[in-house]
J.: 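Questions regarding the structure given below will be posed in turn.
Lettering follows sequence order; numbering is per chain, from 1.
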Amino acid sequence: MTRIHLARMVGSYGVLIALALLILFGYLRYENFLGLFNIMSVLRYNSMFALVALGMCFVIMTGGIDLSVGTVAALGSVAAAYASPYGPVAGVVAGVAVGLVVGLINAVMITRMHIMPFIATLASMLAASGTALLLANNRSVPVSYQSGFTELGQGNFIGLPIPAIIATIAFILGWLVLNYTATGRGVLAVGGSEESAKLMGLPADRIKTLAYVASGGLAGLAGVVLAAQFGAGQPIEGVGWELFAIASVVVGGTLLTGGVGSVGATLAGVLLLGILFTVLNFENGLGWISLSAYWQSVIRGAFLLVVVILQARLVAGETTRT
Amino acid sequence: MGEDLLLAMAGVDKRFAGIPALIGASFEVRRGEVHALIGQNGAGKSTLIKVLTGYHKKDAGSVSFDGKPFEVTSPQQAQASGISTIYQEINLVPYRSITENICLGREKRRFGLLDWGAMHAEAERLLARFNIKADVRRPVMEFSTATQQMVAIARAIGFDAKLVIMDEPTSSLDEREVGVLFDVIRQLKAEGVSVVFVSHKLDELYAVCDRVTIMRDGRTVRVAEISGIGKLDLVSSMLGREIARVEGHATAFTDRDPAKLGETLFAAEHLSAGSAVRDVSFSIRRGEIAGFAGLLGAGRTETARLAFAADKRSGGTMTLGGAPYDPASPIDAIAAGLGFCTEDRKAEGIVPDMSVAENMMLALMPKLAKSGIIDEARQRVVVEKFIKALSIKCSGPNQKIRELSGGNQQKVLLGRWLATEPRLLILDEPTRGIDVGAKGEIQALIKSLADDGLAVLMISSELEEVIEGADRVFVLREGLTVSEMTRAEASEDAIMAAMAEGSPEAAR
């Protein structure tokens with residue numbers, strides 16, 4: 001029993017402990033690490049990833065995966081950029097709508113046609129990327145600066161970056177759905193054992209559909225923020241976002257096999273990976289080492305691998321005991 | 001009977017890929033009765049239940065429930081209509097808490113959000129009916145199988161069911177827990193809830209059931225008051241044997257000369273593991289075919305798995321060729337000269353998309369490979385030898401095994417084990433699902449292997465196969481060896497009697 005508790009403690013609090021240690025490290029080592037400017041820019045920049053990771057978290061908890069989130073965000077940014085002259089609301093609607101459509105297509109492929117999530121979302125990942133490039137004629141699409149659309153990415157509200165506020169609201173809603181609605185618990189039940197969930201009379205296909213649609217919609221919303229933040233729809237952005245999202249979710253203790261997961265820990269996972277990135281940048285700035293972006297990718301990949309291996313070990317330890 | 005019927009199913013047909021699983025089956029349950037549903041493996045009980053619960057769609061027939069025609073399309077709908085099912089394999093979500101497993105599907109809400117406090121209280125209240133105190137916030141995987149079973153039952157009851165179906169609910173419970181379960185069943189009955197009770201433990205049926213429906217080969221063969229039918233009668237109806245029926249040879253096994261049997265090759269004393277195998281002893285001589293008879297759940301396959309080290313035994317000793325035999329894994333067992341043809345060819349035996357040759361060579365890989373590389377030429381020689389010797393009908397060694405008939409697939413598996421040159425071959429239901437002609441061929445093959453000195457342990461649910469095939473029959477009942485019979489002693493009556501009510505004392 002003690003080992004089970006230990007395993008679960010590490011699972012739920014490990015990411016928070018790591019996050020605290022990393023922040024402490026940054027605070028002690030770099031000047032201005034906890035400066036207002038740095039905090040705000042970390043929050044602003046990582047909000048997009050947080051939105052994508054939230055959707056991914058739900059999909060992974062059902063036992064699936066959504067590889068299309070990165071290119072859906074790119075597609076969403078292009079759609080939002082085209083809609084931006086009509087104001088921020090139009091931009092959001094356009095970006096989220098394309099995301100919802102791709103999410104629905106993913107869900108139909110997975111629940112109706114019984115295509116493996118990995119393959120289905122790989123296909124839609126390519127299709128979304130192609131569509132984004134077609135729509136944008138293979139270049140970035142400038143957004144309107146007159147309509148107020150860019151506030152979504154660059155603006156502040158009560159002193160906080162608007163993207164961070166959007167992401168915070170999304171996470172609060174996600175947390176409520178997961179912990180306080182039947183659908184949320186259904187997501188975990190389906191991921192834990194789809195067969196059992198079906199025999200229990202839970203609408204497994206509907207639950208999975210909701211997860212993929214939510215993931216698509218959140219990726220579209222991330223695209224809106226992307227376009228607003230960088231002033232253009234970016235058809236070639238989003239590469240590797242799905243991996244960042246998966247990494248954040250897994251680092252947060254959500255099992256890749258589904259059935260166990262936490263929205264809060266996913267947010268912590270996003271922050272952990274985002275701050276790790278910032279630390280590497282600061283380190284470059286100090287001049288002690290010079291890490292290229294490629295090396296940073298390698299480091300993050302290695303980090304993810306370590307986490308997944310640890311998680312597999314802990315789970316194996318738990319299941320052999322029962 | 002008329003108005004007190006809760007459930008009436010009539011003329012139900014169901015086919016899977018053209019093979020009939022239910023043929024005009026009927027099933028009737030009265031309000032407030034405990035009704036036993038029994039039958040051999042493959043008799044159609046599970047299919048019938050899954051049709052009733054909307055998991056399978058019936059091909060023909062009518063169902064009425066609670067006085068109205070009942071067309072069910074999904075388990076959700078069955079549950080909403082008042083039919084709750086506890087499946088044999090406990091169907092819970094292991095990572096989720098007891099509360100969630102009990103309350104999913106009928107959550108309590110406050111202000112539109114889940115009311116965890118009320119749900120935890122509900123789960124605790126339901127479990128209290130079973131005298132179980134557990135932290136309902138913990139994941140069910142942390143609890144014992146018995147507690148998990150109780151959670152599944154609590155879930156079913158919590159749905160205010162009119163009909164609760166329990167598919168072998170006692171298989172993971174100990175005696176005290178079974179007692180608690182029976183109390184709950186009686187309580188449900190007193191509340192007017194009907195219970196369908198599927199079990200192979202006959203004593204339990206008599207303890208708690210009012211009536212019994214017996215199924216065989218997809219048909220409903222008998223419905224009776226449980227007090228009006230004896231155990232032996234029950235067993236013979238299940239197996240489709242008239243008591244004391246006399247008949248000629250029904251199998252391809254022919255008489256063997258007991259004098260030709262060699263010395264004891266394998267002996268197991270007091271094997272035990274969990275509740276499935278409690279105390280099983282048996283021995284097999286060289287050239288002997290030993291048969292395991294018993295009802296489903298008697299522990300036959302489980303015992304064979306212990307001998308093969310596929311499961312870990314908790315007690316007992318084994319000897320092979322006079323020396324102590326204590327394998328740690330199937331690899332050790334194979335190295336010691338055992339082979340195990342499993343019952344479920346599809347799940348545990350063949351690899352459907354691999355060729356006949358590849359399937360046959362799987363067990364032999366370690367022997368054939370030289371530093372990891374398989375000697376193709378030697379492989380071909382061995383494969384062709386067995387295709388010929390076992391007269392496997394295939395276009396050649398490279399044909400995919402899934403294209404072969406059941407009988408020929410079985411021969412390939414036999415070939416797989418024979419290629420390892422075993423001393424003892426365990427065959428679990430070697431002729432199940434195989435057409436009559438191929439059945440005879442397999443039986444003749446088993447006999448000729450034994451004639452050549454191979455010791456064979458044959459598990460079969462077909463009485464005639466055991467009676468005519470085995471030189472010695474061990475009858476298992478609820479995890480105990482209850483009888484050992486020579487070929488001369490083994491008659492249908494004697495075996496059925498032992499299967500139904502034998503006790504270990506009779507075996508000694």
Side-chain angles (χ1 to χ4, degrees), chain A residues 1-8 11-12 60-63 172-207 253-262 311 314-322, chain B residues 49-50 53-55 72 74-81 83-97 99-117 119 135 137-145 147-148 151-152 155-156 158-159 161 165 167:
Chain A
M1 279 309 269
T2 52
R3 189 158 152 213
I4 292 178
H5 285 303
L6 185 70
R8 195 154 279 125
S12 5
I60 289 180
M61 282 188 295
T62 67
I172 291 172
L173 288 178
W175 176 79
L176 276 177
V177 167
L178 181 64
N179 292 300
Y180 292 97
T181 67
T183 305
R185 301 326 280 178
V187 163
L188 290 169
V190 167
S193 169
E194 186 165 350
E195 176 76 5
S196 293
K198 280 184 177 165
L199 287 171
M200 280 183 175
L202 300 182
D205 284 350
R206 203 172 77 204
I207 287 168
T254 298
L255 288 187
L256 266 178
T257 46
V260 174
S262 154
Q311 197 184 66
L314 290 175
V315 170
E318 277 188 38
T319 42
T320 49
R321 294 186 65 85
T322 45
Chain B
I49 289 173
K50 286 188 168 167
T53 53
Y55 204 77
V72 62
S74 69
Q76 289 105 290
Q77 196 198 335
Q79 203 163 63
S81 311
I83 298 178
S84 277
T85 312
I86 300 146
Y87 293 93
Q88 184 179 349
E89 332 76 60
I90 301 172
N91 278 289
L92 299 174
V93 186
Y95 287 122
R96 307 319 312 168
S97 68
T99 299
E100 287 182 75
N101 273 289
I102 288 181
C103 295
L104 273 182
R106 48 180 191 92
E107 299 82 2
K108 293 190 184 300
R109 289 191 177 78
R110 213 170 43 170
F111 314 123
L113 297 178
L114 298 182
D115 184 348
W116 283 104
M119 296 204 304
D135 184 350
R137 291 164 180 80
R138 313 286 322 155
V140 291
M141 65 191 267
E142 288 180 7
F143 296 93
S144 69
T145 318
T147 306
Q148 293 185 16
V151 169
R155 173 183 171 80
F159 271 90
I165 300 167
D167 191 355

J.: Using a cut-off of under 4.5 Å for heavy-atom pairs, which of A:V177, A:V190, A:N179 has the most such pairs with chain B?
T.: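 Winner by heavy-atom pair count: A:N179.
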J.: Can you say whether B:N101 sits under 4.5 Å from chain A via the side chain, the backbone, both, or neither, judging by heavy atoms?
T.: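 For B:N101, heavy atoms of backbone and side chain both lie under 4.5 Å from chain A.
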J.: Rounded at 0.5 Å granularity, tell me how far OG in B:S97 sits from CZ in A:R185.
T.: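 Result: 7.0 Å between the selected atoms.
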J.: Heavy-atom distance under 4.5 Å to chain A: side chain of B:R110, backbone, both or neither?
T.: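 No part of it gets close to chain A.
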J.: Counting heavy-atom pairs under 4.5 Å with chain B, which one of A:G186, A:G192, A:A182, A:G184 comes out on top?
T.: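 Ranked by contacts with chain B, first place is A:A182.
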J.: Answer yes or no: is there a side-chain heavy-atom contact under 4.5 Å between A:P203 and B:Q76?
T.: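 Of all side-chain heavy-atom pairs linking B:Q76 with A:P203, at least one is under 4.5 Å.
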J.: State the CZ-CG distance between B:R96 and A:L188, to the nearest 0.5 angstrom.
T.: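 Here the interatomic distance stands at 4.0 Å.
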J.: Using the side chain to side chain contact (heavy atoms under 4.5 Å, CB included) criterion, which residues pair with A:S196? Sequence neighbours excluded.
T.: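 Residues passing side chain to side chain contact (heavy atoms under 4.5 Å, CB included) with A:S196: A:S193, B:N91, B:V93.
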